[in-house]
Amino acid sequence: KSSFEKMPETRLRELVFEFKEPIQETHILVPLLQCSPLKSLHLKNWYKEMILKHLSYAFRSRRTPRLKALRLQHLCNRDCDTANLLRSIGSDNDKDDSDMEPFGLETLEQKSCQFGQDSTLALTKYHARTLTTLKFTESIVELQQFACLMSGLPRLLSFRVGKLYLLETP
């Protein structure tokens, strides 16, 4: 930990993390998230469930930059953890902060990750004013969620789909 405390400010704009074996991911990633210019984060093959909770805390603390792009691939996660991460990155669209410019993701890509009702609600509430690109690959989405995404993201310009499985709910 002390090595990261002494780490000088970096100029990283994009951070891509892929781990084949579960190691001390959070000890490496969380300090790197504090890079001011960081705009893009790609997480791939993460096996610890707690990682999204740690990331959510880091973003909520606002010691982290305001991401524009998030890519999640093959994560061991629960829908509520993905939703908490999305809430921590964006600004609440229901609040009337006219003197504060809205912030949030412009691009979200996810592949083989949990993305259910909680994540859908978080995305439409915290990123509706900023999200322009959405990509789902190898995903299962309920038709009701799909409709909610299409109607709740008015700035969406690009929706890319690869192996999307739409389920009807009773």
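In what follows, every heavy atom counts, from backbone to side chain, and hydrogens, waters and symmetry copies are set aside. Sequence positions, counted from 1, serve as the residue numbers for this chain. None of these values were measured; they are calculated from a predicted model.
- How far OG1 of Thr137 is from CD of Gln110: 7.5 Å, rounded to the nearest 0.5 Å.
- A donor-acceptor pair is defined here as one N or O able to donate and one able to accept, closer than 3.5 Å; such a pair exists between the side chain of Gln145 and the backbone of Gly116.
- Hydrophobic clustering, with ILVMFWY side chains joined whenever heavy atoms are under 4.5 angstrom apart, keeps Tyr126 apart from Leu108.
- Between the NZ atom of Lys39 and the CZ atom of Arg13 there is a distance of 7.5 Å, given to the nearest 0.5 Å.
- Each of Thr82, Asp81, Asp79, Leu86 was checked for a side chain to side chain contact (heavy atoms under 4.5 Å, CB included) with Asp118, and the lone residue meeting it is Asp79.
- Using a 4.5 Å heavy-atom threshold, the side chains of Gln73 and His42 count as touching.
- Taking CG of Leu105 as the reference point, atom CG of Leu131 lies at 6.5 Å (rounded to 0.5 Å).
- Summarising the geometry, atom NZ belonging to Lys135 is positioned 11.0 Å from atom OG1 belonging to Thr133; distances are rounded to the nearest 0.5 Å.
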Considering only distance and modelled atom types, tabulate donor-acceptor pairs under 3.5 Å from the side chains of residues 152-162, sequence neighbours left out.
{"unit_1": "Arg155", "atom_1": "NE", "unit_2": "Arg129", "atom_2": "O", "d": "3.0"}

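- In terms of heavy-atom proximity, Ala122 sits nearest to His127 at O-CD2, 4.1 Å.
- With contacts defined as side-chain heavy-atom distances shorter than 4.5 Å, the pair Leu72/Phe115 does not qualify.
- We find the CG-CG distance between Leu70 and Leu43 to be 6.5 Å, quoted to the nearest 0.5 Å.
- With sequence neighbours left out, Asn84 forms a side-chain hydrogen bond (donor to acceptor under 3.5 Å, both in side chains) with Arg87.
- Of all non-hydrogen atoms in Thr130 and Phe103, the two that sit nearest each other are CG2-C, 4.0 Å.
- For Gln117, the side chain to side chain contact (heavy atoms under 4.5 Å, CB included) partners are Leu121, not counting sequence neighbours.
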